[in-house]
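Residue numbering restarts at 1 for every chain, and letters A, B, ... go by the order of the sequence lines.
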Amino acid sequence: MVRLITHNLLSCHVKGCTRNNFPLRFQDVKVELREAEFNAEFLRNFVPRIEWKALVDAGKELGDTSLPEELPEMLGDEFLKKLHHVLLEIHVEEGAMVCPNCGHVYKIMSGIPNMLLTESEI
Amino acid sequence: MSTKAVIPTSASSDSPASYEETYVHTIYESIAHHFSSTRYKPWPVVAAFLASIPAGHIGLDAGCGNGKYLMAPQEREGVYWTIGLDRSVRLLDIAKLAGGRSRECVLADVLDNPWRNGAFDFAISIATIHHLSTRERRKNSIQNLLNCLSPSHGRGLIYVWSVRQDELSKRSIPSPVEKTNSEHRGQDVLVPWVMTNSFASQKLEKMQSRETEDSPAIFNRYYHLFEEGELRDLVIAAAQELDTDEGSPASEEGSSRCIQIRPKKYIEIIRDGWERSNCYVEFRLYQK
């Protein structure tokens with residue numbers, strides 16, 4: 001699946017593409033919303049690991065504008081519920097992710113992003 | 001028993017990528033469902049490692065197969081997350097719903113590094129890098145693990161088949177040839193996968209199988225079997241090329257007072273052993 005938890009970790013790995021290669025931009029996506037179990041303990045501890053701006057922007061690309069531009073200092077339940085939804089309940093089933101630097105297109109099929117490169121791109 | 005005997009081989013070094021395509025990737029695509037049906041019990045060492053992962057941590061399973069390690073014990077589901085990476089789409093189709101829950105999976109090679117540097121708290125690679133056909137490629141796959149782990153606290157566990165098979169193993173390994181060259185440690189073999197009839201009806205890539213009317217299909221998968229100490233040495237060699245020395249935070253307490261411009265990177269080998277026909281190494285990265 002490609003949820004934003006995974007998108008926040010992926011970067012372009014085409015040979016020589018080492019700058020401005022994160023975050024990948026979504027293109028022509030088909031999105032499904034599926035409920036996931038809420039776990040406040042996971043979210044609280046996971047927050048420092050997130051590239052915040054990338055997550056907020058990716059949420060917007062997928063039509064969700066609920067996250068604040070700045071990470072709040074107090075991680076209250078209302079905030080964690082929004083974070084939970086953006087991180088774990090929006091599934092990108094089809095479409096692509098495109099490198100902002102080199103333009104490489106990583107296709108997403110049946111929820112699985114194809115990060116394989118051809119021999120010449122490695 | 002005769003069909004379980006492994007076949008000594010020497011991996012072609014002309015084109016390791018196409019060799020692995022034929023003797024590893026194509027085969028897993030063909031045997032995915034049958035293979036998956038035999039892979040459900042976690043190895044004790046892996047289970048113990050995953051049980052120690054704190055809440056909120058995120059990890060990578062490089063070579064996740066059917067996703068059995070993307071699952072957590074019921075009470076720990078969702079406490080930490082493991083992202084699966086594999087080269088077989090058919091195995092990922094199983095992995096993405098392992099244990100009846102949506103899992104996160106990406107299609108990639110363990111020789112690829114499609115991650116932000118230092119993004120993961122932990123990484124495991126279980127029964128995967130023994131499918132890479134040169135020492136250089138096995139080392140590169142370990143370097144990808146090291147690069148995607150947090151340099152300050154990333155933890156890893158690598159697990160591969162050993163030349164030493166336990167008595168219960170159905171495999172018989174030919175006695176190794178004496179070798180002293182460090183480039184050629186361990187043993188390269190082809191291990192037959194015998195497709196049972198109930199799975200034989202699925203669509204097969206028959207080029208690799210020697211199927212006849214009444215015998216089961218046999219697929220010979222390439223493995224590099226590791227000898228004792230080989231995996232540990234390879235992990236340390238991989239780390240050294242990334243300016244990461246072997247060390248232990250406890251042993252160096254207070255010994256170094258010199259001024260450093262950048263923190264120095266270290267790898268500590270936590271555990272290095274053998275379990276049920278496999279070699280494993282557990283390590284931790286730190287910097288100071």
Side-chain angles (χ1 to χ4, degrees), chain A residues 1-15 17-18 21-24 32-51 54 75 84 87-93 97 99 104 106-119 121-122, chain B residues 15-18 21 25 53-60 64 67 70 72 74-98 101-121 140 144 147-148 150 153:
Chain A
M1 311 290 157
V2 191
R3 283 177 266 185
L4 293 187
I5 189 173
T6 302
H7 172 265
N8 204 257
L9 298 161
L10 287 168
S11 69
C12 181
H13 63 116
V14 168
K15 189 180 181 180
C17 183
T18 53
N21 58 349
F22 171 88
L24 303 175
E32 272 178 32
L33 302 182
R34 271 179 248 157
E35 243 175 71
E37 209 172 301
F38 177 75
N39 188 312
E41 190 191 16
F42 167 76
L43 293 166
R44 277 209 178 84
N45 289 300
F46 187 65
V47 160
R49 295 164 165 78
I50 299 172
E51 284 291 327
L75 306 177
H84 169 75
L87 210 52
L88 296 170
E89 295 191 321
I90 307 174
H91 294 249
V92 179
E93 290 295 311
M97 292 180 290
C99 174
H104 187 87
Y106 297 96
K107 287 200 169 144
I108 300 167
M109 283 175 281
S110 304
I112 297 173
N114 183 350
M115 303 304 289
L116 291 170
L117 301 174
T118 61
E119 198 107 359
E121 295 164 327
I122 298 167
Chain B
S15 174
S18 63
E21 181 63 36
H25 307 316
I53 301 300
H57 279 210
I58 186 137
L60 171 68
C64 68
L70 305 183
Q74 186 63 36
E75 71 284 2
R76 299 208 77 220
E77 282 284 13
V79 173
Y80 66 91
W81 275 78
T82 311
I83 314 285
L85 175 156
D86 206 277
R87 181 62 200 256
S88 165
V89 179
R90 289 193 187 165
L91 283 172
L92 289 178
D93 277 335
I94 300 168
K96 71 183 182 185
L97 286 168
R101 286 175 180 246
S102 290
R103 310 289 171 180
E104 291 295 291
C105 300
V106 306
L107 174 62
D109 198 296
V110 291
L111 292 164
D112 295 334
N113 186 18
W115 309 106
R116 270 200 277 128
N117 278 349
F120 290 101
D121 299 297
N140 288 344
N144 284 336
N147 279 324
C148 77
S150 157
H153 67 269

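Of the residues A:Leu9, A:Ile108, A:Leu116, A:Thr6, the one that meets the side chain to side chain contact (heavy atoms under 4.5 Å, CB included) test with B:Val106 is A:Thr6.
A donor-acceptor contact closer than 3.5 angstrom links the side chains of B:His153 and B:Asp121.
Proximity of a side-chain donor or acceptor of B:Glu104 to a complementary backbone N or O of A:Arg3 within less than 3.5 Å is detected.
Proximity to chain B (any heavy atom under 4.5 Å) is restricted, for A:Leu88, to the side chain, taken from C-beta onward. With a threshold of 4.5 angstrom between heavy atoms, A:Asn45 approaches chain B through its backbone and through its side chain. Residue contact with chain B, scored on non-hydrogen atoms closer than 4.5 Å, involves the backbone and the side chain of A:Asn8 alike. For B:Asp93, the parts sitting under 4.5 Å from any heavy atom of chain A are the backbone and the side chain alike. Looking at B:Leu92, both its backbone and its side chain come within 4.5 Å of chain A, counting heavy atoms on both sides. For A:Val47, no part lies under 4.5 angstrom from a heavy atom of chain B. With a 4.5 angstrom heavy-atom cutoff, B:Asn113 touches chain A only via backbone atoms.
Considering only heavy-atom pairs separated by less than 4.5 Å from chain A, the leading option among B:Trp81, B:Tyr80, B:Phe120 is B:Trp81. Among A:Glu41, A:Arg49, A:Arg34, the residue with the largest count of heavy-atom pairs under 4.5 Å with chain B is A:Arg49. In terms of heavy-atom pairs under 4.5 angstrom with chain A, the leader among B:Ala95, B:Ser150, B:Cys105, B:Gly84 is B:Cys105.
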